[in-house]
Amino acid sequence: MIQVKVLGSGCSKCVKTAALIESVASSCGIPVQVEKEASPQVMMQFGVMRTPAVVVDGTLVHAGSIPETAAVKAWLGGR
Amino acid sequence: MLSIFTDLASLLVYTLAGLSAESRLGQSLHFFVEDTTKIFFLLVVMIYSIALLRASLNVEKVRDFLANRHKFVGYVSGSLFGAITPFCSCSSIPVFLGFTSAGIPVGITMAFLLTSPLINEVAVLLLFSLVGWKVTVLYVAVGLVVGIVCGLILDLLHAERLLQPFAYKAYQNAGRMDPQRGTPAALSLQQRHAFARQELMDILSRVWKWVFIGVGLGAALHGFVPEAWFEQYLGSGQWWSVPMAVLVGVPLYSNATGVIPVMESLLLKGLPLGTTMAFCMSTVAASFPEFILLKQVMQWKLLAIIFLMLLLAFTLVGWALNVIYLF
């Protein structure tokens with residue numbers, strides 16, 4: 001199970017990002033657990049200054065926008 | 001060049017729709033059509049071209065630049081970067097913490113965050129095309145100075161002690177931890193284009209409704225509120241009209257895009273510049289929703305200090321401009 005965290009204050013872009021990751025994962029048949037994380041401490045811990053940001057299994061992979069579908073596939077499949 | 005939009009509005013409203021240029025409805029509609037067409041045209045052209053130029057500027061770079069500056073240079077550049085860095089208000093908390101944990105003083109961070117909503121390329125552009133270059137220059141200058149002065153005062157008050165404890169700790173520990181940093185490569189023209197297109201869609205989807213609301217209000221004022229009313233009650237810059245304008249602006253929340261058409265209309269009606277400016281800046285910068293967000297990283301006392309400082313600053317600016325312009 002891949003653990004994905006979407007970091008963001010809960011704005012519409014963060015919601016869309018989480019939904020995108022879930023839909024990509026289910027269309028590829030990859031089991032993921034997507035969590036939304038709004039805590040400022042967590043964002044600071046990862047050094048994130050632009051949201052939405054994406055953390056996959058504890059590693060920051062993206063910040064500042066809704067990611068491209070291809071990028072999401074790479075994060076989930078590239079392991 | 002921009003008079004083409006006046007002609008377009010005249011053609012649509014007076015010639016095709018047959019409304020009289022003397023009627024209230026005709027004047028309001030003309031104002032509305034002229035401003036909305038002009039604003040959307042300028043927004044598309046300018047956001048895209050400016051985004052092309054600044055594609056490689058981001059908050060991470062600003063942080064790294066500010067982290068190593070002398071304090072005084074820091075306030076000025078913090079305020080300047082606030083004006084030109086692309087940044088959405090839903091990122092203000094992570095930006096605040098990113099700056100703070102890099103050891104940037106609270107005053108410089110706040111200079112950045114306070115200037116940011118007031119001055120941006122869209123606001124400058126609209127001001128320039130709707131009210132002319134003099135007011136534009138003045139508006140930008142006032143916005144920068146308010147950011148710089150408020151930042152300076154916050155550091156004199158040692159505002160970092162009034163942060164939430166975890167943020168204060170991060171400030172004290174600055175430099176000891178090294179957050180992951182991206183390594184920015186030089187951007188190709190294609191990447192710049194992609195960024196600019198994304199930026200254009202982002203900003204347009206965020207501001208289009210404010211354009212309609214702002215221009216709609218401006219148009220209604222323009223056509224339906226008689227000039228005599230403004231002259232009689234507010235026209236001579238009565239001293240109390242400035243603090244009142246600031247207070248009225250607080251519960252009203254708009255971004256700069258929405259408030260500038262209203263500003264145009266108020267100025268056309270003969271409202272003194274200082275009163276108008278105070279009202280508009282208070283509407284844009286002193287908004288409750290954004291301040292409540294900052295509660296996550298600041299204690300109430302600091303929030304209250306910043307809020308009152310802003311209200312005071314806008315009032316002083318309004319008075320000063322009124323005095324200068326009345327003589």
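Residue numbers start from 1 in every chain, and the chains themselves are labelled A, B, ... in the order their sequence lines are given, proteins ahead of strands.
- Crowding of Glu68(A) atom CD: a count of heavy atoms from other residues, nucleotides or ligands under 6.0 Å not exceeding 12.
- Among all heavy-atom pairs drawn from Pro94(B) and Val48(A), the shortest one is CB-O, 3.3 Å.
- Residue Lys209(B) places its NZ atom among more than 12 non-hydrogen atoms of other residues, nucleotides or ligands, all under 6.0 Å distant.
- Under the ring pair (Phe, Tyr, Trp, His ring centres under 6.0 Å) criterion, the residue pairs touching residues 47-66 of chain B are Tyr48(B)-His193(B), Phe65(B)-Phe81(B), with sequence neighbours excluded.
- Asp202(B) and Lys13(A) make their closest contact through OD2-NZ, 2.8 Å (heavy atoms, listed as atom of the first residue, atom of the second, distance).
- Taking the salt bridge (charged side-chain N to carboxylate O under 4.0 Å, His left out) definition, one finds that Glu37(A) meets it with nothing, sequence neighbours left out.
- With contacts defined as side-chain heavy-atom distances shorter than 4.5 Å, the pair Pro40(A)/Phe96(B) does not qualify.
- When every heavy atom of Gly98(B) is checked against every heavy atom of Met49(A), the shortest pair comes out as CA-SD, 3.4 Å.
- More than 12 heavy atoms of other residues, nucleotides or ligands sit less than 6.0 Å from atom NZ of Lys295(B).
- Residue with the most contacts toward chain A among Val297(B), Thr100(B), Leu97(B): Leu97(B) (heavy-atom pairs, distance under 4.5 Å).
- The side-chain heavy atoms of Ile93(B) and Met43(A), taken from C-beta on, include no pair separated by under 4.5 Å.
- Here OG of Ser65(A) is found 10.0 Å from CZ of Phe195(B). Values are rounded to the nearest 0.5 Å.
- Applying the salt bridge (charged side-chain N to carboxylate O under 4.0 Å, His left out) criterion to Asp155(B), with sequence neighbours excluded, gives no partner residue.
- Within residues 14-30 of chain A, no residue has any heavy atom closer than 4.5 Å to a heavy atom of chain B.
- Enclosure of atom CH2 in Trp210(B) by more than 12 non-hydrogen atoms of other residues, nucleotides or ligands within 6.0 angstrom is indicated.
- Summarising the geometry of Ala38(A) relative to Gln296(B), their closest heavy-atom pair is O-OE1, 4.3 Å, with the distance given to 0.1 Å.
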